[in-house]
2 protein chains.
Amino acid sequence: MTTPDIWFTLYSLARKGALHRSITITTSELGGVLGISQQTASRRISYCVDEGFVARTHTAAGMLLQITERGRRELSEVLGELEIAFVPPGDEIVIRGSVTHGLGEGAYYVEVYATRFREALGFLPFSGTLNVIIREEESRKATTRMRQSPPLIVHGFSYEGRTFGDVICYRVKVDNAVEGAVVIAQRTHHSENTLEVIAPYDLREKLGLEDEDIVELTVIPLHMAT
Amino acid sequence: MTTPDIWFTLYSLARKGALHRSITITTSELGGVLGISQQTASRRISYCVDEGFVARTHTAAGMLLQITERGRRELSEVLGELEIAFVPPGDEIVIRGSVTHGLGEGAYYVEVYATRFREALGFLPFSGTLNVIIREEESRKATTRMRQSPPLIVHGFSYEGRTFGDVICYRVKVDNAVEGAVVIAQRTHHSENTLEVIAPYDLREKLGLEDEDIVELTVIPLHMAT
DNA sequence: ATTACTAAGACACGAGTAT
DNA sequence: TATACTCGTGTCTTAGTAA
């Protein structure tokens with residue numbers, strides 16, 4: 001089974017709502033949707049189940065199918081790429097999100113990584129991060145777009161007996177005013193829906209931001225970064 | 001050549017920027033991207049060209065390929081469906097756009113169709129339309145989402161020797177405050193990027209809207225409409 | 001009813017090669 | 001060098017049918 005066929009299968013299931021709940025469907029029905037026979041539909045689904053894209057439970061009247069996390073990621077990747085492809089070149093990618101408070105850990109890490117951030121980014125970051133919650137849609141676009149530009153990687157190191165992992169940075173402009181960077185720690189299973197932003201200044205103060213305020217992060221292509 | 005293969009081909013070309021400009025590529029390269037041989041890539045492209053999805057010019061060093069309007073629509077359709085599929089069920093679809101002034105024709109048409117709108121929508125529209133410019137991305141989502149709900153169709157008629165065509169209506173809530181409808185005339189080649197909104201009141205006055213103000217149109221599923 | 005196995009057939013693929 | 005043709009090969013599909 002080829003990639004396009006997998007995508008097409010997942011796409012068709014997604015359109016029926018299988019991203020959010022189990023759907024009941026027979027192989028014949030699915031065959032109809034995909035324009036293939038019942039037998040082939042059966043094999044396709046078995047394949048998707050084997051590969052972990054779809055979860056299946058058999059019932060008397062067909063199958064219960066739901067797209068798994070793996071399948072969702074696969075589709076989300078395609079969707080993100082397509083969304084980016086449709087953006088006219090030169091257009092800026094803007095991620096909108098709302099300010100939230102982190103766990104307070106950010107400041108500690110920023111201080112530890114401070115000089116390394118300066119080397120990579122050209123500025124000494126304020127010792128605190130601005131946490132920004134983004135909607136899944138924005139998140140998808142953000143991560144896809146960011147992945148397109150070669151990342152600035154701040155390599156890990158050891159310090160006072162502790163190990164600090166790699167951190168990936170992407171340059172952004174905050175509210176079109178302050179240049180900063182989104183930092184993504186590789187080791188932590190960071191929530192995909194929260195971005196941590198560092199900048200030379202205290203962003204909350206400089207931009208007068210409060211929790212739940214909306215901020216715009218404009219992704220700066222690496223070759224344009226200062 | 002099957003639908004998924006066409007999509008995959010268009011998708012791969014789109015990722016290389018072929019939605020916005022001609023790209024230079026050889027069949028071998030394309031084969032590499034698609035995971036198929038040079039020969040098969042050649043056949044795939046020829047097929048896409050024959051079907052009008054892709055425009056091709058041969059050059060000494062390969063081909064110049066650009067996705068046609070037809071191809072763009074095909075991909076846009078897929079993208080729209082995927083975007084909708086990812087929206088959690090129950091979530092409202094919100095279209096954001098900015099107010100603009102129309103050509104002034106709107107008022108005339110609204111008056112002519114007025115009683116018919118009342119029958120279909122349950123309110124007598126203010127004799128003027130609010131024109132809203134939307135970005136392509138929003139447009140895609142809007143049209144896809146709207147197409148999902150069976151449209152309210154106001155049938156055409158003749159009046160004073162003129163023929164007035166069908167008009168399709170979709171219920172929306174403007175700025176979460178006023179219920180109205182997006183109206184799309186079937187006969188005119190209306191710009192996909194401008195929506196015309198009617199409501200029981202003068203929206204500009206009621207909501208204090210000026211040109212270039214941002215408005216939110218929340219699409220109301222038909223079964224929920226009052 | 002379903003899903004899914006088997007086997008025969010269709011057709012897509014790619015090596016070789018023409019242009 | 002390209003693209004694209006022919007054709008042998010192999011894979012994927014489907015009909016029939018079992019479970």
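For the numbers below, each heavy atom of this structure counts, side chains included, while hydrogens, waters and symmetry mates do not. Residue numbering restarts at 1 for every chain, and letters A, B, ... go by the order of the sequence lines.
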task: State the CG-CG distance between A/Leu130 and A/Leu195, to the nearest 0.5 angstrom.
output: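 The CG atom of A/Leu130 sits 10.0 Å away from the CG atom of A/Leu195.
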message: For the helix from C/dT2-D/dA19 to C/dT19-D/dA2, what angle separates the axis at the start from the axis at the finish, each from five pairs, in steps of 10°?
response: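 Helix axis angle between the two ends: 50°.
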Backbone N or O of [Y] within a donor-acceptor pair of the [X] side chain at under 3.5 Å?
{"X": "B/Thr68", "Y": "B/Phe53", "answer": "yes"}
{"X": "A/Arg70", "Y": "A/Val54", "answer": "no"}
{"X": "A/His20", "Y": "B/Ala85", "answer": "yes"}
{"X": "B/Asp166", "Y": "B/Gly156", "answer": "yes"}
{"X": "B/Asn131", "Y": "B/Thr100", "answer": "no"}

To the nearest angstrom, how far is [X] atom [atom1] from [N] atom [atom2]?
{"X": "A/Leu34", "N": "D/dT14", "atom1": "CG", "atom2": "P", "value": "11 Å"}
{"X": "B/Ile36", "N": "D/dA4", "atom1": "CD1", "atom2": "P", "value": "13 Å"}
{"X": "B/Ile25", "N": "D/dA2", "atom1": "CD1", "atom2": "C1'", "value": "14 Å"}
{"X": "A/Met63", "N": "C/dA1", "atom1": "CE", "atom2": "C1'", "value": "13 Å"}
{"X": "B/Phe8", "N": "C/dC13", "atom1": "CZ", "atom2": "C1'", "value": "16 Å"}
{"X": "A/Leu30", "N": "D/dT14", "atom1": "CG", "atom2": "P", "value": "12 Å"}
{"X": "A/Asp5", "N": "C/dA12", "atom1": "CG", "atom2": "P", "value": "12 Å"}
{"X": "B/Ile6", "N": "C/dA12", "atom1": "CD1", "atom2": "C1'", "value": "14 Å"}

- prompt: Does some side-chain heavy atom of A/Leu217 sit less than 4.5 Å from a side-chain heavy atom of A/Val174?
  reply: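 With C-beta onward as the side chain, the pair touches.
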Any A/Thr27 side-chain N or O less than 4.0 Å from OP1/OP2 of C/dT3: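 Checking A/Thr27 against C/dT3: at least one side-chain N or O falls below 4.0 Å of OP1 or OP2.
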query: Would you say a side-chain N or O of B/Arg56 is under 4.0 Å from OP1 or OP2 of D/dA4?
result: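 True: B/Arg56 side-chain N/O within range (under 4.0 Å) of D/dA4 OP1/OP2.
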- prompt: Taking the six-membered ring for Trp, is the centroid-to-centroid distance between A/Phe157 and A/Tyr113 below 6.0 Å?
  reply: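 Yes, they do, as the ring centres are separated by less than 6.0 Å.
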- prompt: Heavy-atom contacts under 4.0 Å between residues 38-48 of chain B and DNA chain C, which residues?
  reply: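 Output list: B/Gln39, B/Thr40, B/Arg43, B/Arg44.
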- request: Name the nucleic acid region contacted by B/Met1, choosing base, sugar-phosphate or nothing; use a 4.0 angstrom heavy-atom cut-off, strictly under.
  value: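 Here B/Met1 touches no strand at all.
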Worked check of side-chain hydrogen bond (donor to acceptor under 3.5 Å, both in side chains) between A/Thr40 and A/Ser37: CA-CA 5 Å; A/Thr40 302; A/Ser37 69; 3.1 Å; yes
